[in-house]
J.: 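This is the structure I have questions about; it appears just below.
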Amino acid sequence: MTQAVTRKLTLNEFLSLPEGETACELIDGAAVPKVSSHRFHSRTCLALSRTLENWALSRGEIGVEWAVVLSRGDKPWVPVPDLLYISNDRLSSMGDEDGPCPLPPELAIEVISPDQSFGGMAEKATDYLSAGISRVWIVDPKAKTITVFMPEKLPITYREDRVLSDELLPSLALTAQDVFRGVITHG
């Protein structure tokens, strides 16, 4: 039996693909479609986006499913975090350029979908940190938690009314309770 050999895409080939209805990530040379959002995933992203957008007004930009050009190991990697924050300082080097974010943002946020595991997302968080992203939040709508990953530190999980604040994100203070209020209407 003969198996078809699929050629791996280069970064330039991936970036030249036509835009489709489904966002794709470049993973190990393959264009991998991002999983479509479910109701609570979408509502969680919206709640976080509203909170962060107000905070970031004069500080930087919040991106929603904005692809980021990174590397994982020695291979190009273009993930599409659910949300990201990039400061005005980093944005200034981009000018008015459109397309994927060409440098690591300060914060990447991934919201766990029903078909994803915390362990798989924690592995992705480690990859983000290794690629130069300073903070990664893994948000779990089912557990109603926000777990913060930082370089060379153990992750910290925030739940209920424990205040999440960070010197990297000055003046931002939020709780999981605030984020999930109204997201999940039962349970």
Side-chain angles (χ1 to χ4, degrees), residues 14-15 17-27 31-70 72 77-116 118 120-122 124-125 127-129 131-142 144-149 158 164 166 168-176 178-184:
F14 174 77
L15 295 176
L17 291 174
E19 283 190 41
E21 291 181 23
T22 304
C24 287
E25 299 180 315
L26 178 64
I27 302 173
V32 179
K34 187 165 173 153
V35 177
S36 178
S37 295
H38 290 97
R39 180 180 178 204
F40 296 137
H41 180 280
S42 176
R43 290 177 70 180
T44 301
C45 288
L46 183 59
L48 281 164
S49 177
R50 285 179 181 149
T51 299
L52 294 172
E53 189 70 31
N54 289 331
W55 168 81
L57 279 176
S58 62
R59 294 177 172 87
E61 189 172 318
I62 301 300
V64 178
E65 291 197 356
W66 186 12
V68 183
V69 177
L70 302 169
R72 191 166 63 176
W77 178 42
V78 184
V80 181
D82 291 312
L83 296 165
L84 63 77
Y85 162 71
I86 186 165
S87 67
N88 285 331
D89 289 342
R90 290 189 186 184
L91 276 172
S92 66
S93 68
M94 286 180 57
D96 289 335
E97 181 180 326
D98 194 18
C101 185
L103 57 153
E106 283 86 349
L107 172 66
I109 300 173
E110 292 285 0
V111 178
I112 299 175
S113 295
D115 60 338
Q116 295 173 318
F118 181 85
M121 296 306 283
K124 191 172 188 179
D127 289 341
Y128 277 136
L129 294 174
I133 294 177
S134 305
R135 299 290 185 274
V136 181
W137 294 359
I138 302 300
V139 181
D140 188 338
K142 190 171 184 178
K144 298 181 184 176
T145 60
I146 302 169
T147 302
V148 178
F149 291 77
Y158 295 83
L164 190 165
D166 188 325
L168 183 71
L169 310 167
S171 303
L172 177 66
L174 60 90
T175 67
D178 293 335
V179 170
F180 293 110
R181 183 175 290 121
V183 169
I184 300 174

J.: Quick one: side-chain contact (heavy atoms from CB on, under 4.5 Å) partners of L164, sequence neighbours excluded?
T.: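 For L164, the residues satisfying side-chain contact (heavy atoms from CB on, under 4.5 Å) (neighbours in sequence not counted) are W137, I146, V148, Y158, L174.
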J.: Checking D178 now: which residues fulfil side chain to side chain donor-acceptor pair (under 3.5 Å) with it, not counting sequence neighbours?
T.: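 Counting only residues at least two positions away or on another chain, D178 forms a side chain to side chain donor-acceptor pair (under 3.5 Å) with T175, R181.
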J.: Let me confirm one number: the CD1-CG distance from I112 to D140, rounded to the nearest 0.5 Å.
T.: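 The CD1 atom of I112 sits 4.0 Å away from the CG atom of D140.
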J.: With side chains defined as the heavy atoms from C-beta onward, is the minimum distance between L169 and W55 less than 4.5 Å?
T.: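 SC-SC contact between L169 and W55 confirmed.
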J.: Do V136 and I109 have side chains that get closer than 4.5 Å, going by heavy atoms?
T.: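 The answer is no, as the side chains (C-beta and beyond) never meet within the 4.5 Å cut-off.
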J.: Write down the atom of E110, the atom of P81, and the distance for their closest heavy-atom approach.
T.: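 Closest heavy-atom pair between E110 and P81: OE2-CA, 3.2 Å.
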J.: For W66, which residues count as a ring pair (Phe, Tyr, Trp, His ring centres under 6.0 Å) partner, sequence neighbours excluded?
T.: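 Counting only residues at least two positions away or on another chain, W66 forms no ring pair (Phe, Tyr, Trp, His ring centres under 6.0 Å).
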J.: With rounding to the nearest 0.5 angstrom, report the OG to CG distance, S49 to D82.
T.: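 That separation rounds to 11.0 Å.
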J.: So, for E53 and I62, which heavy atoms are closest and what is the spacing to 0.1 Å?
T.: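 Result for this residue pair: OE1-CB, 3.5 Å.
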J.: Does D127 have any side chain to side chain donor-acceptor pair (under 3.5 Å) partners at least two apart in sequence or in another chain, and if so, which?
T.: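 For D127 the side chain to side chain donor-acceptor pair (under 3.5 Å) partners, ignoring immediate neighbours, are R72.
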J.: First locate atom CG of D115, then atom NE2 of H41, and finally report the distance between them rounded to the nearest 0.5 Å.
T.: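 These two atoms lie 9.0 Å from each other.
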J.: Counting C-beta onward and ignoring hydrogens, is there a side-chain heavy-atom pair between R90 and P104 closer than 4.5 Å?
T.: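 A side-chain contact under 4.5 Å exists here.
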J.: Are any of the side-chain heavy atoms of C45 and V64 separated by less than 4.5 Å?
T.: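 In short, these two side chains do not touch, never coming nearer than 4.5 Å.
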J.: Do I86 and C101 touch side chain to side chain, with heavy atoms closer than 4.5 Å?
T.: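 Of all side-chain heavy-atom pairs linking C101 with I86, at least one is under 4.5 Å.
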J.: Would you say P100 and V68 make side-chain contact, with heavy atoms under 4.5 Å?
T.: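 A side-chain contact under 4.5 Å is absent here.
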J.: Residues two or more places apart in sequence or in another chain: which of them pass salt bridge (charged side-chain N to carboxylate O under 4.0 Å, His left out) with R135?
T.: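 Only D166, E167 meet the salt bridge (charged side-chain N to carboxylate O under 4.0 Å, His left out) criterion with R135.
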J.: Kindly write out the residues that satisfy side-chain contact (heavy atoms from CB on, under 4.5 Å) with S58, not counting sequence neighbours, or none if the list is empty.
T.: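 Counting only residues at least two positions away or on another chain, S58 forms no side-chain contact (heavy atoms from CB on, under 4.5 Å).
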J.: Rounded to the nearest 0.5 Å, what's the gap from CG on L52 to OH on Y85? Could you check?
T.: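 Nearest 0.5 Å value for the CG-OH distance: 10.0 Å.
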J.: State which residues pass side-chain contact (heavy atoms from CB on, under 4.5 Å) with L46; sequence neighbours excluded, sorted by chain then number.
T.: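 For L46 the side-chain contact (heavy atoms from CB on, under 4.5 Å) partners, ignoring immediate neighbours, are R50.
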J.: Using the test side chain to side chain donor-acceptor pair (under 3.5 Å), find all partners of T51 that sit at least two apart in sequence or belong to another chain.
T.: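 Partners of T51 under the side chain to side chain donor-acceptor pair (under 3.5 Å) test: none.
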J.: My understanding is that only residues two or more places apart in sequence, or in another chain, count here; which of them pass side chain to side chain donor-acceptor pair (under 3.5 Å) with E61?
T.: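 E61 satisfies side chain to side chain donor-acceptor pair (under 3.5 Å) with no other residue.
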J.: Out of curiosity, R59 CZ to N88 CG, how far, rounded to the nearest 0.5 Å?
T.: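 Nearest 0.5 Å value for the CZ-CG distance: 10.0 Å.
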J.: Taking all heavy atoms of Y128 and all of V80, pick out the closest pair and write down the distance.
T.: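 Minimum heavy-atom separation between Y128 and V80: OH-C, 4.4 Å.
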J.: What distance separates L168 CG from S134 OG, expressed to the nearest 0.5 Å?
T.: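 It is 5.0 Å, given to the nearest 0.5 Å.
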J.: Applying side-chain contact (heavy atoms from CB on, under 4.5 Å), can you list everything that pairs with A173, at least two apart in sequence or on another chain?
T.: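 With sequence neighbours excluded, A173 shows a side-chain contact (heavy atoms from CB on, under 4.5 Å) to V163, given in chain and number order.
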J.: Which atom pair, heavy atoms only, marks the closest approach of P141 to F180?
T.: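 It is CA-CE2, 3.5 Å.
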